[in-house]
Protein chains: 2
Amino acid sequence: MSNLSLIETARDFNRFYTNFLGLLNKAYLDTPFTLTDARILFEIGSHGGISAVALARDLQLDPAYLSRILKRFRAEGLIETNRDPADLRSQVIIVTDQGRETFEELGRRSNAQIAARFDRLATGEPEAAVSAMHTIRALLDPAAKPAPAIIRAHRAGDIGWIVQSQGRFYAEEYGWDLRFEALVAEVAGKFLANFDPAKEYCWIAERGGINVGSVLVTNGGDGIAKLRLLYVDKSARGLGLGKLLVDECIHFSRQKGYRELSLWTNDMLETARAIYVKAGFRLVSEERHKMFGPEANGQNWVLDL
Amino acid sequence: MSNLSLIETARDFNRFYTNFLGLLNKAYLDTPFTLTDARILFEIGSHGGISAVALARDLQLDPAYLSRILKRFRAEGLIETNRDPADLRSQVIIVTDQGRETFEELGRRSNAQIAARFDRLATGEPEAAVSAMHTIRALLDPAAKPAPAIIRAHRAGDIGWIVQSQGRFYAEEYGWDLRFEALVAEVAGKFLANFDPAKEYCWIAERGGINVGSVLVTNGGDGIAKLRLLYVDKSARGLGLGKLLVDECIHFSRQKGYRELSLWTNDMLETARAIYVKAGFRLVSEERHKMFGPEANGQNWVLDL
DNA sequence: CGCATTTAATGGACTGAGTCAACTAATTCG
DNA sequence: CGAATTAGTTGACTCAGTCCATTAAATGCG
């Protein structure tokens with residue numbers, strides 16, 4: 001459950017942008033086109049040779065309504081439709097030269113409108129606005145293809161991110177109190193303070209510039225490596241990132257000459273446990289505790305390398 | 001004249017957001033309200049006692065259309081209208097209890113919808129989206145007054161946020177290495193681990209659901225309070241938040257019976273120094289160091305309480 | 001293969017959101 | 001005071017968008 005004030009702010013923004021777009025779209029009234037007309041013409045103009053169903057699907061329009069609009073466009077000579085030889089029920093819609101002219105004119109007007117808006121801004125401000133638009137779109141547009149995840153070493157801010165994301169996650173999901181975040185901060189802070197690149201490492205999984213997972217290997221002494229703070233964000237579950245991160249740890253620990261890789265976890269973390277089991281870890285001990293408020297079952301797992 | 005590709009991107013975003021809002025607004029169809037109805041009800045519900053002209057102006061509606069909608073609302077018992085004693089042509093519109101109930105129900109649905117959208121995002125992503133919305137709005141809405149900042153105690157994730165934001169900021173701005181983030185993690189982690197509410201506190205400045213600043217008071221023993229980790233995010237500078245946070249620390253330290261408030265800072269942080277000077281802190285010592293890579297000038301400041 | 005089902009496209013019939021013009025009543029301004 | 005303006009309302013209308021039924025092609029299944 002997201003913070004309520006975030007949601008309020010988002011609603012507020014939506015109200016604002018509804019108005020803002022409303023104003024922009026009024027401009028279409030200076031042409032004989034409605035907003036829907038313009039959207040359709042734009043869609044046909046960009047993907048040449050689209051079918052009516054596809055159009056209706058993409059723009060969420062009623063097929064009957066769309067059919068009428070296309071008929072009008074055809075009558076006005078803006079588009080041509082031909083039967084699709086591959087499926088004679090379907091038709092292929094293309095813009096005529098005149099249609100392209102109209103389409104481009106609409107584009108020019110729309111551009112001019114935004115340019116007018118941007119012209120009132122200070123140097124650098126349009127860039128800031130557009131960059132913010134990118135951010136929103138990448139986050140809210142499911143069709144904006146999710147960037148592939150990469151795994152890399154930690155850098156500035158990452159350790160803080162680990163503390164924040166896990167602190168928040170365990171609080172929201174399991175009701176753990178701030179003692180848990182304190183523990184994470186201590187573990188992660190010590191890792192950073194005493195970081196020994198020869199024996200230790202931190203992996204961050206990142207997607208489109210946003211951190212989505214992490215794990216540490218720290219030196220426990222006596223040839224024992226410790227896997228700590230494994231975490232994969234909600235948004236990136238099911239991609240096998242957890243397994244990937246654990247595999248990195250195992251590979252690294254072997255390579256650095258450790259004889260054993262151990263970890264501490266809690267039994268309600270079932271996905272994590274499945275990963276450990278599959279990787280060959282064995283459960284060596286278990287104890288109930290209330291370290292972070294609610295009762296939980298702590299477990300120690302070990303993998304012989 | 002703005003760069004064309006910026007404009008194209010902005011148009012692209014507008015198309016996307018038109019769709020996005022369209023989807024969200026479909027939900028109003030589950031209620032007997034249209035989007036316009038909902039906007040009107042929202043507007044009346046928020047500013048109690050508004051007049052019809054003001055409403056028509058703010059929402060850019062036809063007065064005739066608005067009049068009819070208000071008539072309907074009146075018939076349904078959602079609002080009451082009384083003549084404005086100051087101008088008998090005008091009327092004062094207020095929501096009835098039932099209207100308020102409806103208004104709040106709409107709000108809850110709208111919230112739930114956005115929450116559902118946000119729930120699919122990663123930790124920090126809703127914040128990123130909302131922060132981008134702020135950016136756009138601040139730039140495009142001439143009437144936008146920035147959301148007021150509030151100051152509150154820390155909760156889950158905040159300590160991690162402190163580590164992350166400062167770790168990243170000092171690395172980007174001054175080239176400090178990870179030893180700095182390690183120090184922050186240690187300080188913040190210890191604060192959380194040994195937190196003594198009777199003598200210590202953490203303040204988080206938040207604006208529209210986004211953390212934008214922080215400061216801690218920790219117990220240094222011997223009647224000395226320590227002000228630590230003062231930070232105000234770039235996006236919220238110039239609002240006096242730094243001063244506000246420091247004032248909180250001073251007030252708290254006095255109230256808890258400390259005799260002295262001390263802090264350590266570096267001299268390139270000029271805004272912070274100005275705040276300390278103004279608050280009455282005096283510089284007691286100074287030493288050059290390379291604790292975090294680049295050479296810097298560490299300073300100890302003290303305020304007698 | 002043939003029959004039932006699904007899908008693309010369209011026309012008929014309708015609804016209701018939003019617009020425009022005309023009017024009343026109160027207010028302001030010269 | 002009278003002319004012009006403003007707040008609000010009603011009547012008459014338009015047209016964007018929806019729902020249902022129909023045709024023709026395609027697909028699925030025994």
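Since the model is a prediction, treat every value here as computed from it, not as a measurement. Residue numbers start from 1 in every chain, and the chains themselves are labelled A, B, ... in the order their sequence lines are given, proteins ahead of strands. Just so you know, these numbers use all the heavy atoms, side chains as well, and skip hydrogens, waters and symmetry mates.
- Backbone-only contact: B/Ala52 has heavy atoms under 4.0 Å from sugar-phosphate atoms and none from a base.
- Without hydrogens or angle criteria, B/Arg237 side chain to B/Val232 main chain gives a donor-acceptor distance under 3.5 Å.
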Between N or O atoms, less than 3.5 Å apart, protein on one side and nucleotides 28-30 of chain C on the other: list the pairs.
none

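- Pairs of residues two or more places apart, or lying in two chains, that qualify as ring pair (Phe, Tyr, Trp, His ring centres under 6.0 Å) and include a residue from residues 78-104 of chain A are A/Phe42-A/Phe103.
- Contact annotation for A/Arg39: no contact, since no heavy-atom pair falls under 4.0 Å across all strands.
- Rounded to a whole Å, the CG atom of A/Asp62 is 17 Å from the P atom of C/dC14.
- Aromatic pair A/Tyr170/A/Tyr231: ring centres not closer than 6.0 Å.
- Rounded to a whole Å, the CG atom of B/Leu35 is 19 Å from the P atom of D/dA16.
- Distance CZ (B/Arg68) to C1' (D/dG8): 12 Å, rounded to an integer number of Å.
- Between the P atom of C/dT10 and the CG atom of A/Leu66 lies a distance of 8 Å, rounded to the nearest Å.
- When heavy atoms are screened at a 4.0 angstrom cut-off, B/Ala64 is found touching base atoms of the nucleic acid.
- Relative to the side chain of A/Leu88, the nucleotides D/dA25, D/dG11, C/dA8 differ in distance, and D/dA25 lies closest.
- Of the side-chain N and O atoms in B/Arg83, none sit less than 4.0 angstrom from OP1 or OP2 of C/dT27.
- Each of B/Leu61 and A/Thr81 has a nearest nucleotide on DNA chain C; the 5'-most of these lies closest to A/Thr81.
- With rounding to the nearest 0.5 Å, the separation of CG in B/Leu244 from CG in B/Leu239 is 10.0 Å.
- Rounding to the nearest 0.5 Å gives a distance of 11.5 Å between CG of B/Leu241 and CG of B/Asp247.
- Contact check, B/Ser90 against D/dG8: a side-chain N or O comes under 4.0 Å of OP1 or OP2.
- Take the nearest nucleotide of DNA chain D for A/Asp84 and for B/Val92: the residue whose nucleotide is more 5' is B/Val92.
- The separation between B/Ile40 atom CD1 and D/dG8 atom P is 13 Å, rounded to whole Å.
- In this structure, CZ in A/Arg100 is found 13.0 Å from CD in A/Gln98, a value given to the nearest 0.5 Å.
- Atom-to-atom, CZ of B/Arg57 to C1' of D/dG8 comes out at 15 Å; the value is rounded to the nearest Å.
- The nearest whole Å value for the distance from the CG atom in B/Leu70 to the C1' atom in D/dT10 is 14 Å.
- Contact between the side-chain N/O atoms of A/Lys71 and the OP1/OP2 oxygens of C/dG11 is found at a separation under 4.0 Å.
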Tell me which donor-acceptor pairs under 3.5 Å the side chains of residues 73-80 of chain A have, and how far apart each pair is, sequence neighbours excluded?
from, atom 1, to, atom 2, distance (Å)
A/Arg74, NE, A/Thr81, OG1, 3.1

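- Distance CD (A/Gln91) to P (C/dT7): 18 Å, rounded to an integer number of Å.
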